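What you see is a predicted model, and the numbers here were worked out from it, not measured in a lab. Proteins get letters first, then strands, A, B, ... in listed order; numbering begins at 1 in each.
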Number of protein chains: 4
Amino acid sequence: MTRAGQDKAPAPEMAAPRHRGNRWGRSEQARQAVLEAADDLLSERGFAGVTIEGIAAAAGVAKQTIYRWWSSKTDILMDALLQDAAEELTPGDHGDLREDLSDHVSRVAAFLTRSDAGAVCRALIGQAQHDPAFAMEFRARFLTEQRERDRLPFDRAIARGQIPASTDVPSDLDELLGPVYYRALVTGEPIDRQFTDHLVDHYLRRLAR
Amino acid sequence: MTRAGQDKAPAPEMAAPRHRGNRWGRSEQARQAVLEAADDLLSERGFAGVTIEGIAAAAGVAKQTIYRWWSSKTDILMDALLQDAAEELTPGDHGDLREDLSDHVSRVAAFLTRSDAGAVCRALIGQAQHDPAFAMEFRARFLTEQRERDRLPFDRAIARGQIPASTDVPSDLDELLGPVYYRALVTGEPIDRQFTDHLVDHYLRRLAR
Amino acid sequence: MTRAGQDKAPAPEMAAPRHRGNRWGRSEQARQAVLEAADDLLSERGFAGVTIEGIAAAAGVAKQTIYRWWSSKTDILMDALLQDAAEELTPGDHGDLREDLSDHVSRVAAFLTRSDAGAVCRALIGQAQHDPAFAMEFRARFLTEQRERDRLPFDRAIARGQIPASTDVPSDLDELLGPVYYRALVTGEPIDRQFTDHLVDHYLRRLAR
Amino acid sequence: MTRAGQDKAPAPEMAAPRHRGNRWGRSEQARQAVLEAADDLLSERGFAGVTIEGIAAAAGVAKQTIYRWWSSKTDILMDALLQDAAEELTPGDHGDLREDLSDHVSRVAAFLTRSDAGAVCRALIGQAQHDPAFAMEFRARFLTEQRERDRLPFDRAIARGQIPASTDVPSDLDELLGPVYYRALVTGEPIDRQFTDHLVDHYLRRLAR
DNA sequence: TATTAACCGAGACGGTACGTCGAGTCTTACG
DNA sequence: CGTAAGACTCGACGTACCGTCTCGGTTAATA
């Protein structure tokens, strides 16, 4: 759908090589500048302040270059999200389901409510409410991957024999994370560690019957 | 904040009288036409297809008339939502917490995923992700009221002595409704009765320890 | 074809009245500013320097206002030409064909090669070479009128009995004015009084057999 | 000024040899393809439809190759004109001034109003109205040569003693050809043989006093 | 025989202007 | 006083070409 590249520069902290009129491909320099400009504009001026013209100006890039590689501003933000989200949202392995979940759920809460990438994520979920086609793209490009990461603690617990293999993980994920997203997206209520730990506690107590 | 009027229809099911230059107040006819046009445009052309100009044209109303009474297209949709949501989302009283909750949670799910007013609601939640000021307005004008309705089953159960008065109702509401909103807003997964009943069941089982 | 108005402000040297958000019609103020800006840009930066954006900026007018009333930059220049050309190109009446012609032909030469309006005229003739549809419009809106003016000396001479009523005026006009246009448009040769007087002289000598 | 090559075709009617990477010189194949593509685009889509990108695409040539040899689209059209015009516009020698002129003037008329190369010529004259620098180039590269051809009948008549050596040929040319160009460029009036013959007749009658 | 200079197609790049859409403001005539 | 009408300024949209820049590939004169 979108030709946006996901690959990163082999060594991300190295400066992107100067673009030199290239037959084989796009300017990594321009790509990074665009993603960063989009991110900056979102946090400084809000979603309405993110415009293709604004990004182009801030990134020192021609509009046409943006349209060559991205189909819309949300497509750009999606790339920015994919580049940043994975590491912030990959659950660690503490060898224990409660600890893994407690850690991950509170990490998701912090991501959604406090991080820059989380702001991008919320903006895209917002856009998904306005545009069904984008909603599908969001799910295909981000959510599917994220759900894979979210379920890792469960998969490890199953492997350990801590919970039965028959566990309906997707459904349980909805119950655990739903309230977090609900607060982040709808009520705006702050999400503290106590709340997330209660969620985990209720879930584990239910498992234990 | 907004000058939108909510009331005034002398006899709501009667056709509004043709407005003929009124010295003493706004045209109820124009108000209804605007709200309906906004609703129609949203369902037919999506959120981006809702424009002030489009609404004015569809409603046979001057742009200035819209700007006189509403501050933005989301303000209009808010009025439309408030007009429609209350009755769809007021929980009935079956004399039993499980039944009340089961009914209400599934009703919320249906509202969000299948009704026209629910589409308006999702669009506004989407907009809230893009605009913090609007998020506050959404919470003040719709969400507070809705949360009052949502908690009615709990209040009645407390009055009946079915659950302790110390119940942290807001928090429990988040746990019950969060997964529903999460599916509706984020994953797009369909929400069937089985899923909502599981939510209620898990909640009640936890209460019973 | 174009909705551009030709009417002038009733008293042209009076400042156009301040535009005051008008139900019945366009802003005369904006109209004049656009025509003048187009003229200025043409003489200062050449035809390629005349852009809709440039005119809008110079006239302090929105692009949309230009597109509302004119279809292209040549349409604007046409209006500017029509507003200026008539007086510069209306032949005077000296009671004698030779004098009338001598005066008029040299006036046409001066117009084409030295006046600002003549520069507009040459630019439009240039555009007519590039765009057959515009060529037709040019002929309908300017040339027909101009040919009426050009033939006035002949009509008066016929009325006076100085030349026969059977004179093929259009054809004679081509012979008299053609060389002037040819020099102005093609060779760029300067056109002095001697050249135009020779043209008139040759024409009159031919008449006299 | 322009690097456009005029020569080099070893045998012009032979198909140009396939270019296969050449150290010493440009690809005749590319050159011809560009000129033809420019011609085609002009006749099919008008002057505005002639773009460097369009020519490159139509000719199967890289933009850079065009920019290497020509400075602008008008520079290309100039080459195309020079390649085609000479033969169409060289007056024949019938041994008689009237016949030579009659033939040549009507040939010029046909060229301007009916031939493809004439369309190119008119387009360039049009461009000359928009761009004084180009006007000079047009005169230096095409018009000077063409004027040499135009005067041939006069030179031959002088050599024959048919007209005096003191004849002001350039001025007479303006009088003879001016009306033809005027009709072709300005009025759009068709130019038939009767009109051109009248021009010649009037000229010759004047000579004869 | 291998090198290498000159030209080629390709296509990404930073720009400018295009023509369109909608936002939000303003003024008027009417009821 | 509220309304329909509609012209206004402004900002962004997405597109088309501009002219510049490398790139890798192809050939033929030279080394």
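The residue B:G60 sits close only to the backbone: its heavy atoms come under 4.0 Å of sugar-phosphate atoms, none of a base. C:T65 comes within 4.0 angstrom of a base, heavy atoms only.
Using a cutoff of 4.0 Å between basic side-chain nitrogens and carboxylate oxygens, C:R45 and C:D40 are not scored as salt-bridged.
Place B:K73 and D:A59 on DNA chain E by their nearest nucleotides, and D:A59 ends up nearer the 5' end.
Scanning for side chain to side chain donor-acceptor pair (under 3.5 Å) contacts around A:S72 gives A:T74, with sequence neighbours left out.
In this structure, B:R68 reaches the F:dT3 phosphate: one of its side-chain N or O atoms is under 4.0 Å from OP1 or OP2. Remark: A:W70 is not in phosphate contact with F:dG14, judged by side-chain N or O atoms under 4.0 Å from OP1 or OP2. Residue B:W69 has a polar side-chain atom (N or O) positioned under 4.0 Å from OP1 or OP2 of F:dT3.
Among pairs with a residue in residues 54-66 of chain C, those fulfilling side-chain hydrogen bond (donor to acceptor under 3.5 Å, both in side chains) read C:E53-C:K63, at least two apart in sequence or across chains.
For the contact set between residues 33-50 of chain B and DNA chain F, defined by any heavy atom under 4.0 Å, there are no members.
No hydrogens or angles were tested; on distance alone, a donor-acceptor pair under 3.5 Å links the side chain of D:Q64 to the base of F:dC21. Donor-acceptor pairing under 3.5 Å, judged by distance alone, is absent between the side chain of D:K63 and the base of E:dG9.
Residues C:R31 and C:Q83 bring a donor and an acceptor atom of their side chains to less than 3.5 Å of each other.
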